[in-house]
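Reviewing the structure listed below.
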There are 4 protein chains.
Amino acid sequence: MKEDSAKEQRILDTAAELFSRQPFHKVLLSDVARAAAVGKGTLYLYFKSKDDLYFAVLFREFSTLIDSMRRFLDENALGPGEQLAGVVRILAEHFHTTSFNMELLGSVITCPVTDEWKQLRADLWDLFARIIRRGIDKGVFRDEAPDLTARYISGLVRAVCLFAPANADLDSVCRHASGFVLRGLALER
Amino acid sequence: MKEDSAKEQRILDTAAELFSRQPFHKVLLSDVARAAAVGKGTLYLYFKSKDDLYFAVLFREFSTLIDSMRRFLDENALGPGEQLAGVVRILAEHFHTTSFNMELLGSVITCPVTDEWKQLRADLWDLFARIIRRGIDKGVFRDEAPDLTARYISGLVRAVCLFAPANADLDSVCRHASGFVLRGLALER
Amino acid sequence: MKEDSAKEQRILDTAAELFSRQPFHKVLLSDVARAAAVGKGTLYLYFKSKDDLYFAVLFREFSTLIDSMRRFLDENALGPGEQLAGVVRILAEHFHTTSFNMELLGSVITCPVTDEWKQLRADLWDLFARIIRRGIDKGVFRDEAPDLTARYISGLVRAVCLFAPANADLDSVCRHASGFVLRGLALER
Amino acid sequence: MKEDSAKEQRILDTAAELFSRQPFHKVLLSDVARAAAVGKGTLYLYFKSKDDLYFAVLFREFSTLIDSMRRFLDENALGPGEQLAGVVRILAEHFHTTSFNMELLGSVITCPVTDEWKQLRADLWDLFARIIRRGIDKGVFRDEAPDLTARYISGLVRAVCLFAPANADLDSVCRHASGFVLRGLALER
DNA sequence: AATGAATGAGATTTCATTCAT
DNA sequence: AATGAATGAAATCTCATTCAT
């Protein structure tokens with residue numbers, strides 16, 4: 001059925017763009033089709049339904065994000081604090097460019113609970129948890145429940161981006177968010 | 001138009017319940033009407049449109065929340081740290097009982113930009129900012145941008161509640177969230 | 001939900017008309033709606049789906065037919081031969097006015113196998129079987145398997161109507177069909 | 001256009017199978033293509049349209065049937081009664097194996113009125129009419145309108161097969177149908 | 001000749017909103 | 001004020017047909 005993966009990507013790109021600008025029910029599949037320059041039926045060649053498309057967008061967005069965080073960590077030999085600041089920055093950029101309409105992990109309630117999704121979520125949390133634990137091991141962080149903290153760092157960053165003053169530049173928002181997270185993990189001295 | 005305020009409240013209660021369990025587009029006005037035990041047309045006596053109802057729910061929910069935080073602060077003579085822990089707890093309870101589907105400040109979901117809404121938002125942020133500034137004045141907090149921090153504390157708490165493990169009890173989640181925020185505001189010693 | 005039974009009947013009338021002139025997939029619900037002078041959504045107030053509407057038409061058509069045959073039998077004190085000729089005539093008129101596109105019993109395969117439908121089918125067959133058995137009892141018919149015969153008399157009449165020459169008048173077609181059926185049940189003398 | 005006649009036959013076989021099990025609009029060309037193990041586009045090399053394919057199936061089915069009846073008559077020197085019983089049996093077998101969804105002569109389902117089709121229909125009717133007339137000539141049948149009778153014998157047999165009890169075996173159904181037809185043509189003695 | 005991805009007209013269905021009662 | 005049947009615009013989705021490969 002699928003053959004032209006480039007087309008699938010184009011559809012996903014377009015849909016991502018539209019879903020990020022409007023709530024789900026205001027995004028029309030005819031708009032997606034037109035904007036992606038494909039026939040309406042073509043959408044259904046690649047995606048079972050509007051919901052399916054929506055979650056595919058979310059999934060890809062999410063995967064990409066995790067990949068780029070991983071790459072950042074792999075390609076730079078940094079200390080835990082710098083690592084955390086770095087991934088927070090990547091997250092913030094993601095939320096800044098991509099939409100806030102898309103809850104990063106999908107609403108927990110609505111988004112599919114397939115193994116794929118569970119894995120993705122676990123991956124994100126694991127990524128943060130590793131950084132935190134490494135920091136603890138190195139004696140620079142302190143956290144009684146790293147797994148819990150890991151779970152909501154992304155939500156925290158989202159909140160920062162979402163509610164930052166309209167005129168705030170990304171840099172200062174990031175700096176503030178990172179600072180906050182880092183102090184939250186700071187050793188009591 | 002409006003006359004029977006009890007009925008209006010019943011509609012709001014019902015709608016709050018439903019909107020909190022499902023995304024906007026899955027909540028049908030016929031469901032709301034049935035659950036509220038009123039005719040579908042009656043909804044339109046009290047609310048201009050589905051959007052209007054949605055935002056009315058949000059507004060009331062939000063106002064109630066702010067009120068209860070204010071009351072908590074007024075009725076208890078506490079230090080800044082305890083104040084913060086207290087309002088975090090109230091927030092967490094709110095997110096726990098009420099829905100995660102309703103973005104608290106809905107700033108992106110293009111919620112109305114009337115003066116009413118601006119005021120409400122300002123009130124919430126101001127509430128947090130005051131606590132933080134009071135802490136700074138008292139020499140127990142440290143924050144370079146209290147207004148910025150104030151803006152995303154609610155988002156942080158939401159994230160914590162949203163992504164806490166299903167089996168986590170509210171108490172430990174609150175404790176963790178408060179601890180995190182408080183350390184984020186801690187003086188460097 | 002339903003209140004206006006007259007409207008439901010109008011929809012059924014219209015649909016019967018259209019389904020009788022064209023095969024299922026050429027009958028558009030927008031045509032039905034327009035012809036019945038109701039909104040497209042109204043159809044769904046009374047019928048769950050296009051299939052549902054189709055079978056409702058069939059069911060009513062069928063019930064009406066059985067009723068008129070029953071009434072004919074009740075209101076006229078006739079001998080078995082005359083009874084048979086009469087109901088054949090009624091059947092033929094039905095097929096003549098109503099459509100041939102609608103298989104009287106619905107395609108056995110496709111049409112719902114609810115109790116309602118089973119009952120209706122049983123009623124028709126019973127009606128014929130009674131006449132035949134009465135004829136046997138009175139010594140004017142002969143049939144080794146009245147129940148089997150009863151099952152296909154309606155199909156036979158349909159076939160006669162369906163394949164009669166275009167210019168044949170209803171009377172002669174009926175006469176021939178009745179004659180054929182009656183001889184088929186005739187005593188060997 | 002057509003070249004590979006074996007492939008064409010395979011398509012026809014497959015389509016016959018599918019059309020016989022479901023009504024026209026439930027048979028998808030993609031199903032036909034998949035089941036026939038050809039590409040969807042290939043169907044269009046052999047048939048102009050879905051309708052065209054449908055009628056081609058019908059035509060072939062019908063021709064085969066007439067051929068086998070003719071062969072039966074040619075290869076066996078039988079009296080009119082035996083001839084009739086024989087062709088009824090062939091018809092019944094046809095309806096039993098092939099579908100009831102395909103109206104044999106499809107006269108209403110606006111099947112093409114080409115000379116080919118007129119001829120085919122005429123052939124079937126003629127075949128029956130000849131048998132009946134031969135019976136009349138031989139003094140064993142009696143029928144005032146053999147042409148009319150000829151027209152609906154096939155419909156009668158179809159009805160018998162269609163509505164016979166599910167557990168009835170073909171033999172007894174045939175015997176009953178033949179008996180009915182033969183008595184319908186019986187001399188009044 | 002053969003394919004099946006792509007198409008888009010048009011099908012069914014939904015649901016916020018209206019309005020006669 | 002209250003209703004819910006009626007509406008129809010607009011949404012999702014289907015599928016016969018085309019066409020580039």
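The chains referred to below are lettered A, B, ... by the order of the sequence lines, with proteins before strands, and numbering in each begins at 1.
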Given DNA chain E, 5'-ward residue of the pair A/Gly41 and C/Thr42, judged by closest heavy atom: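 That would be A/Gly41.
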
Nearest-nucleotide wise, let me know which of A/Gly39 and B/Ser30 is further upstream toward the 5' end of DNA chain E.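 Looking at the nearest nucleotide for each, A/Gly39 comes out on the 5' side.
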
Quick one: do D/Arg10 and D/Asp13 make a salt bridge, cutoff under 4.0 Å?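 No.
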
Does A/Tyr46 put a side-chain nitrogen or oxygen below 4.0 Å from OP1 or OP2 of E/dA6?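 Yes, within the criterion.
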
Does E/dA2 have its OP1 or OP2 closer than 4.0 Å to a side-chain nitrogen or oxygen of D/Lys7?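 Affirmative; the distance criterion is met.
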
Euclidean distance, atom [atom1] of residue [X] to atom [atom2] of [N] [Å, nearest integer]:
X       : N      : atom1 : atom2 : result
B/Phe24 : F/dA11 : CZ    : P     : 14 Å
D/Asp31 : E/dG4  : CG    : P     : 15 Å
A/Leu53 : F/dT12 : CG    : C1'   : 12 Å
A/Tyr54 : F/dT12 : OH    : P     : 14 Å
C/Asp51 : E/dA11 : CG    : C1'   : 13 Å
D/Lys50 : F/dT18 : NZ    : P     : 15 Å
D/Leu45 : F/dT18 : CG    : P     : 12 Å
D/His25 : E/dT12 : NE2   : C1'   : 12 Å

Taking D/Leu18 as the fixed residue, which of D/Leu29, D/Val57, D/Val27 is the one that meets the side-chain contact (heavy atoms from CB on, under 4.5 Å) rule?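 Single side-chain contact (heavy atoms from CB on, under 4.5 Å) partner of D/Leu18 among D/Leu29, D/Val57, D/Val27: D/Val27.
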
On the six-membered ring of D/Phe55, is D/Lys48 placed so that its NZ or CZ lies under 6.0 angstrom from the centre and within 45° of the ring axis?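 Ring-cation test returns no.
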
A cation-pi test, strictly: NZ or CZ of D/Lys50 under 6.0 Å from the centre of the six-membered ring of D/Phe24 and no more than 45 degrees from its axis. Yes or no?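 Yes, cation above the ring, under 6.0 Å and within 45°.
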
I want to confirm an ordering. Mapping A/Leu29 and B/Val38 to their closest nucleotides on DNA chain F, which one lands closer to the 5' end?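 Looking at the nearest nucleotide for each, B/Val38 comes out on the 5' side.
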
Relative to the 5' end of DNA chain F, which residue comes earlier, C/Leu43 or D/Val27, by the nucleotide with the nearest heavy atom?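 Result: C/Leu43.
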
Please classify the nucleic acid contact of C/Lys48 as base, sugar-phosphate, or nothing, using heavy-atom distances under 4.0 Å.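 Nothing, no nucleic acid heavy atom in range.
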
What about A/Lys40: does its side chain form a donor-acceptor pair under 3.5 Å with the base of E/dT7?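 No, the side chain and the base share no sub-3.5 Å donor-acceptor pair.
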
Quick check: do D/Val38 and D/Tyr46 have side-chain heavy atoms less than 4.5 Å from each other?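 Not touching, per the 4.5 Å side-chain cut-off.
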
Provide the Watson-Crick or G-U wobble partner of [N], both distances under 3.5 Å; none if there is no partner.
N      : result
E/dT21 : F/dA2
F/dT7  : E/dA16
F/dT12 : E/dA11

As a test of reading the structure: which of F/dT12, E/dA16, F/dA11 is closest to the side chain of A/Leu28, going by heavy atoms?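 Looking only at side-chain atoms, A/Leu28 lies closest to F/dA11.
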
